[in-house]
Number of protein chains: 2
Amino acid sequence: MSGRAVTIAEVARHAGVAVSTVSYVLSGKRAISADTRRRVLDSVQMLGYHPNAGARALASRRANVIALVLPLRAGMHVPVLMQFATSVVTAARRYDHDVLLLTADEGSDGLRRAAASALVDGLVLMDVELHDDRVPFLRELAEPSVLIGFPADPSGLTCVDLDFTRAGALCVEHLAGLGHRKLALLGAPSVVYERGTGFARRTWEGFTEAVDRYGLTGVALPCEETFEEVAATVGGLLEHNPDLTALVVHNETAVNHVLGALRLYGRRVPEDVAVVAICPDDIAERSSPPLTSVLVPAEDVGREAVRLLMDKLEGRAVPEGTLLEPRLTTRGSTRPDPA
Amino acid sequence: MSGRAVTIAEVARHAGVAVSTVSYVLSGKRAISADTRRRVLDSVQMLGYHPNAGARALASRRANVIALVLPLRAGMHVPVLMQFATSVVTAARRYDHDVLLLTADEGSDGLRRAAASALVDGLVLMDVELHDDRVPFLRELAEPSVLIGFPADPSGLTCVDLDFTRAGALCVEHLAGLGHRKLALLGAPSVVYERGTGFARRTWEGFTEAVDRYGLTGVALPCEETFEEVAATVGGLLEHNPDLTALVVHNETAVNHVLGALRLYGRRVPEDVAVVAICPDDIAERSSPPLTSVLVPAEDVGREAVRLLMDKLEGRAVPEGTLLEPRLTTRGSTRPDPA
DNA sequence: CCCCGTTGTCGAAGCGCTTCGACGCTCACC
DNA sequence: GGTGAGCGTCGAAGCGCTTCGACAACGGGG
């Protein structure tokens with residue numbers, strides 16, 4: 001543990017073989033007799049050998065590290081970010097890679113630094129915005145990258161995300177199936193739309209498109225995140241749309257405030273108003289009543305992003321865009337329209 | 001950008017000096033004439049040279065990377081974790097270090113791997129529990145580490161945290177100063193206390209101690225996180241303690257439910273019940289009314305952890321325990337007791 | 001005027017690993 | 001019995017950097 005670290009040379013000596021043989025045993029890049037392999041592996045075990053990452057990176061021109069670039073400011077809900085991060089780490093470990101954490105506030109320079117110094121072999125960027133400075137840079141970069149989220153022009157890139165358009169539509173389909181005719185979407189705070197964050201817009205479009213397709217009436221509004229603003233929005237909505245029977249909420253922070261506001265205005269969920277949320281499962285489950293929801297499959301997206309990056313690292317071709325199919329879970333907040 | 005990377009040898013050739021001279025210019029470890037320095041720096045600029053991290057690590061026996069170990073499951077509020085993480089990254093960058101992200105689910109083995117392979121020079125562990133498996137391991141480890149949070153026995157380690165005992169006491173002092181005589185603490189979910197998470201207990205102790213010291217009456221309860229459980233807890237509390245005028249809430253997730261429950265029971269904040277929260281500022285500000293709060297200074301804790309780790313890496317002595325002083329911000333949820 | 005301490009620079013020896021080419025075997029095949 | 005194709009192993013050449021010791025060149029003090 002302490003003192004000088006064990007080197008491959010010591011393992012070789014201990015096992016009575018050449019250094020290169022140890023290397024080949026460990027990498028499996030050449031055939032080695034079962035007998036020799038055993039001896040080497042035993043020595044590795046015995047001496048507690050761990051290959052030096054720097055030396056390995058230098059010689060093999062592969063750091064076995066990928067970068068995970070966090071968004072500067074969360075356009076998405078923070079716990080979801082965290083789920084992404086841990087799922088990326090877990091997935092990367094399965095490919096024997098580690099994860100270097102970068103924040104977006106270094107901008108493209110940070111990415112260049114990490115890539116040019118061969119600190120990392122590839123990059124995963126989270127929460128990419130529609131018009132992101134780093135996108136042109138990534139196109140030029142020799143190191144492969146995968147984006148979580150879609151920029152306005154995804155050509156020449158590799159992007160993964162939940163299919164938010166489908167998610168918005170799915171909510172409408174569920175509600176339409178229950179007989180609701182008049183729906184509303186409460187979305188992200190308006191600043192998020194102005195910033196051009198893709199997922200918020202895409203949900204909005206999916207909602208609108210499905211409402212039209214089913215011949216329903218629907219209204220979509222941005223939604224701020226303090227209780228008072230939410231209450232005002234919900235109040236206005238109910239007042240102007242007395243026949244409203246269903247709400248789609250795509251705003252993790254506000255969703256509990258929405259339920260609070262409905263309580264405040266004496267509307268029961270789901271008897272008077274049905275609610276579908278697009279949010280992580282834990283929020284949906286912890287609400288009262290538990291919410292029918294379409295979850296953001298952070299886990300899956302992270303894993304998929306890593307898989308795509310590994311494919312690119314191996315030189316395999318990958319699709320430009322990967323959209324993950326949303327799944328809706330029915331819980332207590334939706335029920336056939338009583339009307 | 002693409003093609004082979006620029007090496008120090010190319011810089012040296014371009015500047016007409018020896019490789020070692022370039023190295024010394026860049027590291028500043030030997031005196032170099034202003035003239036030579038200029039030439040070298042120009043060449044670096046011109047060629048877009050970035051030292052190869054692996055080679056540097058190999059030769060200097062310093063990776064210039066530290067590990068950040070995320071908790072397996074959040075005992076603390078997730079957004080706070082994220083703040084920690086970004087502040088650690090930002091602070092590390094100021095010392096010219098990068099951050100490798102590890103999850104706790106690899107346990108001690110993961111730490112050993114990262115340390116033994118010289119991937120990282122030191123470790124920062126988040127959300128350490130009172131009886132953490134990794135603690136004995138860290139004591140033995142040659143690489144220095146800093147813990148965020150205190151284990152039961154912090155001897156031989158370096159730990160940083162907010163002084164939660166003081167935070168609990170500070171809330172009581174604030175309320176006592178406003179004339180409140182009968183207080184309650186709503187804490188973390190009971191499972192957190194059972195798990196032996198230090199910060200939850202310490203707040204509890206600080207609260208209790210200060211209540212005694214001021215000769216007040218106080219009751220402390222764990223608090224679950226669904227609206228219904230919170231409402232039940234708050235309801236029971238109000239019923240059994242009709243003279244209760246103040247609440248301390250140390251549970252970021254539940255705090256909005258607490259406010260909702262108080263609304264539900266017709267108690268106005270702060271007229272009927274004063275509320276002090278221990279939570280991040282953004283939650284306190286976004287509540288209605290905005291909450292008087294003691295914030296968890298994630299930013300400061302992360303920065304301090306990195307500073308301590310850098311000190312250890314340089315061989316400087318550091319204190320075993322560092323407690324950060326809490327600060328209370330008065331907002332709309334507390335006001336002199338009307339009684 | 002000589003010697004020695006500074007200052008600035010260079011060359012070369014690693015750091016610990018991967019990988020390439022070489023080489024000695026064994027064995028199947030004709 | 002000769003030949004060629006694996007198979008298993010070895011030695012050595014780097015990978016790109018840091019750092020140590022050496023050494024000119026230059027002054028200042030005796």
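Chain letters run A, B, ... following the sequence lines, proteins first and then strands; every chain starts at 1.
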**pair A/Val25-A/Val44: side-chain heavy atoms closer than 4.5 Å** = no
**Item:** Of B/Val19 and A/Ala34, the one whose closest DNA chain D nucleotide lies more 5'
**Value:** A/Ala34
**Asked** Contact class for B/Ser33 vs. all strands (heavy atom < 4.0 Å): base, sugar-phosphate, or nothing?
**Response** sugar-phosphate
**Asked** How about B/Ser155 and B/Asp153: does a side-chain donor come under 3.5 Å of a side-chain acceptor?
**Response** yes
**Prompt:** Which of residues 43-63 of chain A sit near DNA chain D, with a heavy atom under 4.0 Å from it?
**Reply:** A/Leu58, A/Ala59, A/Arg61
**Request:** Kindly say whether A/Asp96 contributes a backbone atom to a donor-acceptor pair with the side chain of A/Asn64 at under 3.5 angstrom?
**Result:** yes
**A/Arg113 and A/Asp109 ion-paired at < 4.0 Å** = no
**Prompt:** Hey, does A/Ser20 reach any base, or is it just sugar-phosphate, or nothing, if we go heavy atoms under 4.0 Å?
**Reply:** base
**Beyond-backbone contact of B/Val301 with B/Gln83, side-chain heavy atoms, under 4.5 angstrom** = no
**Fill in**
From OH of A/Tyr24 across to P of C/dG21 the rounded distance in Å is 10 Å
**Message:** side-chain contact (heavy atoms from CB on, under 4.5 Å) for B/Leu119 and B/Val65? Distances and angles first, verdict last.
**Reply:** CA-CA 7 Å; B/Leu119 247 182; B/Val65 175; over 6 Å; no
**Message:** Could you tell me if A/Thr103 and A/Asp105 have a donor-acceptor pair between their side chains, going purely by distance under 3.5 Å?
**Reply:** yes
**Message:** Distance under 4.0 Å to a non-hydrogen atom of chain B counts as contact; along DNA chain D, which nucleotides mark the start and end?
**Reply:** D/dG16 to D/dA22
**Request:** For salt bridge (Lys or Arg N to Asp or Glu O under 4.0 Å), just list the numbers for A/Arg307 and A/Glu304, CA-CA rounded to whole Å, side-chain angles, deciding distance to a tenth of an Å, and then say yes or no.
**Result:** CA-CA 5 Å; A/Arg307 204 181 62 69; A/Glu304 185 64 14; 3.0 Å; yes
**Request:** Have a look at A/Ser23 and say if it touches a base, only the backbone sugar-phosphate, or nothing, with a 4.0 Å heavy-atom cut-off.
**Result:** base
**Asked** Within the modelled atom types, does a donor on one side and an acceptor on the other bring the side chain of B/Arg30 and the base of C/dT9 under 3.5 Å apart?
**Response** yes
